[in-house]
2 protein chains.
Amino acid sequence: MARYGKEHREETRKRILESAGRRFKKDGLDGSGIATLMSDAGLTNGAFYAHFSSKDELVEAVLSEQLQAQVADFKALSPGRAGVAELVQMYLSPDHRDHPASGCPSAALLDEITRCSEGARRSYMSGFSEIVDEIAVRLVPADPSSVRGVAASVFAMMVGTVQMSRALTDRKLADELLAASTRHAFELLGLDHA
Amino acid sequence: MARYGKEHREETRKRILESAGRRFKKDGLDGSGIATLMSDAGLTNGAFYAHFSSKDELVEAVLSEQLQAQVADFKALSPGRAGVAELVQMYLSPDHRDHPASGCPSAALLDEITRCSEGARRSYMSGFSEIVDEIAVRLVPADPSSVRGVAASVFAMMVGTVQMSRALTDRKLADELLAASTRHAFELLGLDHA
DNA sequence: TGTACATCAGTGAACGCGCGTTCACTGATGTAC
DNA sequence: TGTACATCAGTGAACGCGCGTTCACTGATGTAC
């Protein structure tokens with residue numbers, strides 16, 4: 001192989017992180033093997049340990065980068081309360097439910113994260129806190145901490161709703177659940193219905 | 001081994017189902033091997049296929065029996081709206097969070113269920129519907145279908161909340177999340193705070 | 001300018017291990033005579 | 001009442017397979033002379 005500049009190694013690592021994010025969200029943490037993850041990134045299994053010391057370290061790094069990306073996406077929406085409404089509507093859309101690989105890591109992996117190492121869970125917690133803070137500060141810029149509880153509960157409702165909607169075999173029922181939770185999320189957040 | 005009556009086979013099957021339920025909720029579906037599951041039931045790996053034709057069939061049977069048990073537990077609470085309040089408080093208690101093995105199968109396994117066979121997901125859906133119906137009929141006996149949406153959203157919120165509370169490494173934050181969701185579940189359900 | 005060498009990201013075969021599954025066997029009991 | 005046999009839940013070794021991980025090797029390039 002070519003002798004590359006320093007930035008090449010970084011780029012490969014980032015590529016693994018991103019394709020692993022998609023694979024994990026599609027097939028689960030336990031359901032995704034190293035060989036598959038590397039093949040997704042256009043590499044072979046052996047190269048893995050040049051970038052990560054173990055699968056657990058990869059999981060930790062992926063979780064961190066997935067949540068960071070989610071925060072960034074959220075911040076890119078309309079400013080203020082309008083952006084919160086957009087978030088809720090996108091999150092609870094049939095499109096999000098039907099495409100776990102490109103969706104929210106919490107919705108796809110939360111109960112597997114529950115069983116992860118403390119390091120991975122710490123990665124998760126810091127991302128969670130940032131999202132909750134961002135919702136809160138958009139709702140009540142003058143006193144965000146007063147609505148951190150609602151923000152967290154609504155986020156939990158959205159995560160639970162998408163998971164359930166994915167589990168239900170009856171599409172009509174699954175769609176109704178998304179619609180109902182959208183309504184109630186707006187209600188709890190004190191937002192106007194679109 | 002002894003030559004037993006017909007009821008013995010049934011009892012053994014039930015014992016496997018129950019211990020597998022606990023193990024699955026503790027270590028996940030993928031994280032629990034046949035040898036471990038059988039050892040939990042006081043048997044050896046080989047005996048498994050005398051009771052189930054595959055691991056997938058076991059998962060389906062366990063999910064069905066777990067949700068059935070949950071419905072039964074719910075029905076055993078105080079009648080009417082009081083029982084719904086009890087359900088919310090028990091579900092969102094630190095005790096439930098800290099003991100996944102004896103807790104709700106949705107909270108422990110929902111995003112793994114998402115990736116299961118359609119049979120297993122159908123088992124899940126029928127249990128889910130029964131729980132939602134039971135909440136709805138207790139809230140508004142005269143017209144349960146009018147509140148099925150709230151019931152479903154609140155159930156989703158409870159599931160998401162317990163999962164998150166389990167993932168968070170900061171116990172104080174985890175406890176605050178449970179408390180906040182209890183408040184907002186009561187609010188959505190139109191129940192008085194205890 | 002041309003050649004020998006150092007670099008190092010990536011290769012691919014191999015490791016021991018636990019997985020889901022199969023199967024020949026065991027052995028305590030109820031039944032037949 | 002005593003013995004031979006049928007039953008069948010459960011045993012435990014073995015199957016091929018994919019897992020996470022290791023490692024000797026490759027080969028295209030930049031650098032040294």
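In this text, all values refer to a predicted model and were calculated from it rather than measured experimentally. No hydrogens, no waters, no symmetry mates; every other heavy atom, side chains included, goes into these values.
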Problem - Nearest to side-chain heavy atoms of A:Ser54, which nucleotide of C:dT11, D:dT21, D:dT11 - result: D:dT21

Exercise for the section: Identify the heavy atoms of A:Glu60 and A:Ser117 that sit nearest to each other, and give their distance. Expected result: OE1-OG, 4.3 Å

Practice task
Would you mind classifying the nucleic acid contact of A:Gly33 as base, sugar-phosphate or nothing, using non-hydrogen atoms under 4.0 angstrom?
Solution key: sugar-phosphate

Contacts table for residues 171-180 of chain B: side-chain donor-acceptor under 3.5 angstrom, sequence neighbours left out:
from, atom 1, to, atom 2, distance (Å)
B:Arg171, NH2, B:Asp98, OD2, 3.3
B:Lys172, NZ, B:Glu176, OE2, 3.3
B:Asp175, OD1, B:Arg97, NH1, 2.9
B:Asp175, OD1, B:Arg97, NH2, 3.0

Problem - Side-chain ion pair, A:Lys14 and A:Glu10, N-O less than 4.0 Å - result: no

Practice task
Round to the nearest Å and state the distance from A:Arg13 atom CZ to C:dC8 atom C1'.
Solution key: 18 Å

Handout entry: A:Tyr124 side chain to A:Ser106 side chain, donor-acceptor N/O pair below 3.5 angstrom
Key = yes

Practice task
Could you state the atom-to-atom distance from NE2 of A:His8 to P of D:dG30 in whole Å?
Solution key: 13 Å

Practice task
Can you tell me the distance, in whole Å, between the CD1 atom of B:Ile34 and the P atom of C:dT22?
Solution key: 11 Å

Problem - B:Arg81 side-chain N/O to B:Asp192 backbone N/O, donor-acceptor pair under 3.5 Å - result: no

Problem - salt bridge (charged side-chain N to carboxylate O under 4.0 Å, His left out) between A:Arg183 and A:Glu187, worked out - result: CA-CA 6 Å; A:Arg183 235 180 298 125; A:Glu187 189 181 336; over 6 Å; no

Practice task
With heavy atoms under 4.0 Å as the rule, sort B:Ser32 into base, sugar-phosphate or nothing.
Solution key: sugar-phosphate

Handout entry: Salt-bridge contact B:Glu18-B:Arg22 (side-chain N to carboxylate O under 4.0 Å)
Key = no

Handout entry: Among D:dT11, C:dG12, C:dA9, the nucleotide that comes nearest once only the side chain of A:Arg9 is considered
Key = C:dA9

Fill in the blank from the handout: When rounded to whole Å, the CZ to P distance for the pair B:Phe48 and C:dC19 reads 13 Å

Handout entry: Phosphate contact (D:dT22 OP1 or OP2) by A:Tyr49 side-chain N/O below 4.0 Å
Key = no

Practice task
Grab the CD-C1' distance between A:Glu11 and C:dG10 for me, whole Å please.
Solution key: 16 Å

Handout entry: Minimum-distance nucleotide (side-chain atoms of B:Asn45 versus C:dA14, D:dG12, D:dG20)
Key = D:dG12

Exercise for the section: In whole angstrom, give the distance that lies between atom CG of A:Leu37 and atom C1' of D:dT21. Expected result: 14 Å

Problem - B:Thr12 side-chain N/O to D:dG10 phosphate OP1/OP2 under 4.0 Å - result: yes

Problem - B:His51 vs D:dG10: side-chain N/O to OP1/OP2 distance below 4.0 Å - result: yes

Fill in the blank from the handout: Of the candidates D:dG10, D:dT21, C:dC19, the side chain of B:Thr36 sits closest to C:dC19

Practice task
Rounded to the nearest 0.5 Å, what's the gap from CZ on B:Arg148 to CG on B:Leu139? Could you check?
Solution key: 12.0 Å

Completion exercise
Stems in DNA chain D, runs of 3 or more consecutive Watson-Crick or G-U wobble pairs with both distances under 3.5 Å, sorted by first number, are C:2-33 with D:2-33

Practice task
Quickly work out the A:Met38 CE to D:dC19 P distance and round it to whole Å.
Solution key: 14 Å

Exercise for the section: When you get a sec, tell me which of D:dG20, D:dT11, C:dT21 is the closest nucleotide to the side chain of A:Lys55? Expected result: D:dG20

Exercise for the section: Among D:dT21, D:dT11, D:dG12, find the nucleotide with the atom closest to the side chain of B:Leu43. Expected result: D:dT11

Practice task
Could you state the atom-to-atom distance from CG of A:Leu29 to P of D:dG20 in whole Å?
Solution key: 11 Å

Exercise for the section: Select base, sugar-phosphate, or nothing to describe what A:Ala50 touches, counting heavy atoms under 4.0 Å on all strands. Expected result: nothing

